[in-house]
Colleague: 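Sharing a structure here in structure tokens format.
Naming: A, B, ... by sequence-line order, numbering from 1 per chain. As the structure is a computational prediction, the values presented were derived from the model and not from experiment.
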2 protein chains.
Amino acid sequence: MARAGLTAERLAEAAAELADAAGFEQVSLSALARRFEVSVPSLYSHVKSTHDLKTRVALLALAELADRGLVALAGRSGRDALTALGNVYRDYARAHPGRYAAARMPLDPATAAASAGLRHTEMIRAILRGYDVPEAEETHAVRVLGATFHGYVSLELAGGFDHSSPSSERSWSRAMDALDALLRHWPDE
Amino acid sequence: MARAGLTAERLAEAAAELADAAGFEQVSLSALARRFEVSVPSLYSHVKSTHDLKTRVALLALAELADRGLVALAGRSGRDALTALGNVYRDYARAHPGRYAAARMPLDPATAAASAGLRHTEMIRAILRGYDVPEAEETHAVRVLGATFHGYVSLELAGGFDHSSPSSERSWSRAMDALDALLRHWPDE
DNA sequence: AGCAAAAACCTAAAGGCTTTAGGAAGGGTA
DNA sequence: TACCCTTCCTAAAGCCTTTAGGTTTTTGCT
């Protein structure tokens with residue numbers, strides 16, 4: 001019988017699509033087996049476990065996000081760079097909620113170190129170059145920016161800002177204004 | 001045979017303990033049935049489904065958090081109030097990670113409306129009374145504060161700030177400084 | 001107290017998911 | 001061609017949820 005020609009990469013890609021369509025928690029080897037018309041145990045030739053599969057989706061999402069962030073930051077600085085990167089996260093989360101959820105999955109330290117996670121830190125750090133945040137404060141500022149980006153996107157995605165005015169669109173824009181103002185006037189220690 | 005004397009509330013409480021000890025995803029009717037030495041289907045007399053159970057844990061956590069927030073805000077204003085409420089979220093998340101995860105669970109609109117979620121919004125709005133944020137900007141500021149609180153706590157809980165200096169403790173303190181500064185100098189529209 | 005109805009509990013069973021064990025077939029290579 | 005590695009298979013065990021339908025305990029009303 002004809003082979004499906006599976007690889008761990010193709011499985012991760014299909015799992016990412018499934019996650020976006022049905023939610024990250026719905027990702028299962030069973031679902032993928034159906035999708036590729038293959039028996040479930042066959043998938044264990046490519047992937048160690050469901051957790052392994054999900055981890056691959058997480059790494060995929062982190063890498064895609066970092067790629068997009070890098071493109072968005074090219075040639076921009078200051079407020080421009082800030083909103084560009086913010087929009088990358090927000091747009092990605094809305095277009096690929098399952099992948100975004102995957103990217104938030106806790107990774108074990110070794111996997112995390114080999115992931116694109118560090119590139120994300122670097123990108124936020126790059127934004128700070130357009131502002132006068134003292135070097136000793138950089139990490140703090142990176143964490144605050146990362147937290148606000150992630151927190152906003154995560155609350156918005158969970159529907160926290162639905163059905164109430166003003167629109168989330170407007171609040172997001174004001175959030176970017178606020179972060180810009182914050183970085184321009186970063187408080188003294 | 002003696003009855004276990006279960007109620008939906010007792011189940012939710014036990015589920016919350018289980019969530020804190022083993023993770024919110026580990027919450028299951030099976031585990032609770034073992035815990036109370038009762039058959040699994042018996043639990044359906046008290047709870048409609050696993051989803052129902054998890055929703056109850058979410059409501060429990062939201063209410064506990066709101067209660068603590070209210071106490072923390074009493075008699076405080078400005079920066080004091082800001083850090084007090086921030087610490088409530090952060091401390092709760094660290095002491096009760098499973099409950100905190102539950103509180104972030106997406107609720108359907110009707111359930112969300114009946115939850116303590118609105119009290120949370122009110123508490124953050126109360127903090128703004130200590131600052132000169134224009135009324136038309138209140139909702140935006142509430143969302144930014146909520147996003148930063150949640151985002152920071154969530155990233156910290158996922159281990160994002162482990163194994164790197166400076167300490168997360170220090171960054172949290174600086175994050176509170178930053179939010180305070182932001183509210184004192186909220187940017188014009 | 002007596003008794004019926006409601007509530008709490010049970011067993012049985014179906015169906016979905018993961019994972020391991022062990023075997024068969026496709027495809028490349030000597 | 002013959003071999004071997006990889007991909008795929010069936011079988012089976014173990015966990016989880018949920019529904020169906022029956023029994024026992026408790027409650028509450030007369």
Side-chain angles (χ1 to χ4, degrees), chain A residues 1-60 97-99 101-102 105-108 111, chain B residues 1-60 97-99 101-102 105-108 111:
Chain A
M1 54 202 66
R3 298 201 165 183
L6 299 181
T7 65
E9 287 70 32
R10 277 180 56 99
L11 287 177
E13 180 60 41
E17 285 165 19
L18 175 61
D20 287 338
F24 186 53
E25 24 352 292
Q26 296 305 313
V27 168
S28 74
L29 292 176
S30 275
L32 286 189
R34 276 191 297 273
R35 157 85 175 70
F36 288 111
E37 295 180 307
V38 139
S39 79
V40 178
S42 299
L43 300 180
Y44 283 81
S45 305
H46 306 286
V47 141
K48 271 208 299 290
S49 64
T50 298
H51 184 264
D52 179 27
L53 173 68
K54 290 185 170 177
T55 299
R56 287 173 192 273
V57 178
L59 295 176
L60 177 78
R99 285 160 148 99
M105 169 185 169
L107 300 175
D108 66 279
T111 310
Chain B
M1 57 203 63
R3 297 197 164 184
L6 300 180
T7 65
E9 288 67 34
R10 277 180 58 97
L11 287 176
E13 181 58 41
E17 283 164 21
L18 175 61
D20 287 337
F24 186 53
E25 20 358 286
Q26 297 305 313
V27 168
S28 74
L29 292 175
S30 276
L32 286 190
R34 276 191 296 273
R35 158 85 174 68
F36 288 109
E37 295 179 306
V38 138
S39 79
V40 179
S42 301
L43 301 180
Y44 283 82
S45 306
H46 307 285
V47 141
K48 270 207 298 292
S49 63
T50 299
H51 183 264
D52 178 28
L53 174 67
K54 290 185 170 178
T55 299
R56 287 172 192 274
V57 178
L59 295 176
L60 177 78
R99 283 161 150 97
M105 169 185 169
L107 300 176
D108 67 278
T111 310

Colleague: Counting only side-chain N and O atoms of B:S30, is one of them less than 4.0 Å from OP1 or OP2 of D:dC15?
Modeller: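 No, because none of the side-chain N or O atoms of B:S30 sits under 4.0 Å from OP1 or OP2 of D:dC15.
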Colleague: Looking only at side-chain N and O atoms, does B:S39 come under 4.0 Å of OP1 or OP2 in C:dC10?
Modeller: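 For C:dC10, OP1/OP2 do have a side-chain N/O of B:S39 under 4.0 Å.
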Colleague: In whole Å, I'd like the distance from the CG atom of B:L6 to the P atom of D:dT25.
Modeller: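 Those two atoms, CG and P, are 16 Å apart.
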Colleague: For a salt bridge (charged side-chain N to carboxylate O under 4.0 Å, His left out) check, start with the C-alpha distance between A:E13 and A:R56, then their side-chain angles and the critical distance, and finish with the verdict.
Modeller: CA-CA 9 Å; A:E13 180 60 41; A:R56 287 173 192 273; over 6 Å; no
Colleague: Counting N and O atoms only, with roles assigned by atom type, does the side chain of A:S42 sit under 3.5 Å from a partner on the main chain of A:V38, one being a donor and the other an acceptor?
Modeller: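 No, because the side chain of A:S42 does not come within donor-acceptor range (under 3.5 Å) of the backbone of A:V38.
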Colleague: Starting the side chain at C-beta, find the nucleotide from C:dC9, C:dT19, C:dT11 nearest to A:P41.
Modeller: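 Nearest nucleotide to the side chain: C:dT19.
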Colleague: Less than 4.0 angstrom between a side-chain N/O of A:S45 and OP1 or OP2 of D:dT6, yes or no?
Modeller: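 Indeed not, no polar side-chain atom of A:S45 lies that close.
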Colleague: D:dC16, OP1 or OP2 - any side-chain N/O from B:R34 closer than 4.0 Å?
Modeller: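 Indeed, a polar side-chain atom of B:R34 lies that close.
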Colleague: What is the separation between atom NZ on A:K54 and atom C1' on C:dC17, rounded to the nearest whole Å?
Modeller: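 Nearest whole value for this atom pair: 11 Å.
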Colleague: Are any of B:T50's side-chain N or O atoms less than 4.0 Å away from OP1 or OP2 of D:dT17?
Modeller: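 It does, given that an N or O in the side chain of B:T50 lies less than 4.0 Å from OP1 or OP2 of D:dT17.
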Colleague: Please report, rounded to the nearest Å, how far the C1' atom of D:dT6 is from the CZ atom of A:R10.
Modeller: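 Interatomic distance, CZ of A:R10 to C1' of D:dT6: 17 Å.
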Colleague: At 4.0 Å (heavy atoms only), tell me whether B:V40 reaches a base, stays on the sugar-phosphate, or touches nothing.
Modeller: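 Base contact.
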Colleague: A:D20 side chain to A:G98 main-chain N or O, any donor-acceptor pair under 3.5 Å?
Modeller: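 Checking the backbone N and O of A:G98 against the side chain of A:D20, a donor-acceptor pair under 3.5 Å is found.
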Colleague: Expressed as a whole number of angstroms, how long is the span from A:H51:NE2 to C:dT18:C1'?
Modeller: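 Taking atom C1' of C:dT18 as the reference, NE2 of A:H51 is at 14 Å.
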Colleague: Is there a side-chain contact between B:F24 and B:M105, using heavy atoms and a 4.5 Å cut-off?
Modeller: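 In short, these two side chains touch, coming nearer than 4.5 Å.
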Colleague: In whole angstroms, how far is the C1' atom of C:dC10 from the OH atom of B:Y44?
Modeller: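 Checked: the OH to C1' distance equals 15 Å.
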Colleague: Verify whether one side chain among A:T111 and A:D108 offers a donor that lies under 3.5 Å from an acceptor in the other.
Modeller: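 The answer is yes; a qualifying pair exists.
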Colleague: B:Q26 has an atom CD; how far is it from atom P of D:dC15, in whole Å?
Modeller: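 Going from CD in B:Q26 over to P in D:dC15 covers 14 Å.
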Colleague: Considering just the side-chain nitrogens and oxygens of B:H46, establish if one lies under 4.0 Å of OP1 or OP2 belonging to C:dA7.
Modeller: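 Answer is no, no contact under 4.0 Å.
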Colleague: Rounded to the nearest Å, what distance is computed from the CD atom of residue B:E9 to the P atom of nucleotide C:dA8?
Modeller: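 Answer to the nearest Å: 11 Å.
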Colleague: I need the CD-P distance between A:E25 and D:dC16, as an integer number of Å.
Modeller: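 Nearest whole value for this atom pair: 19 Å.
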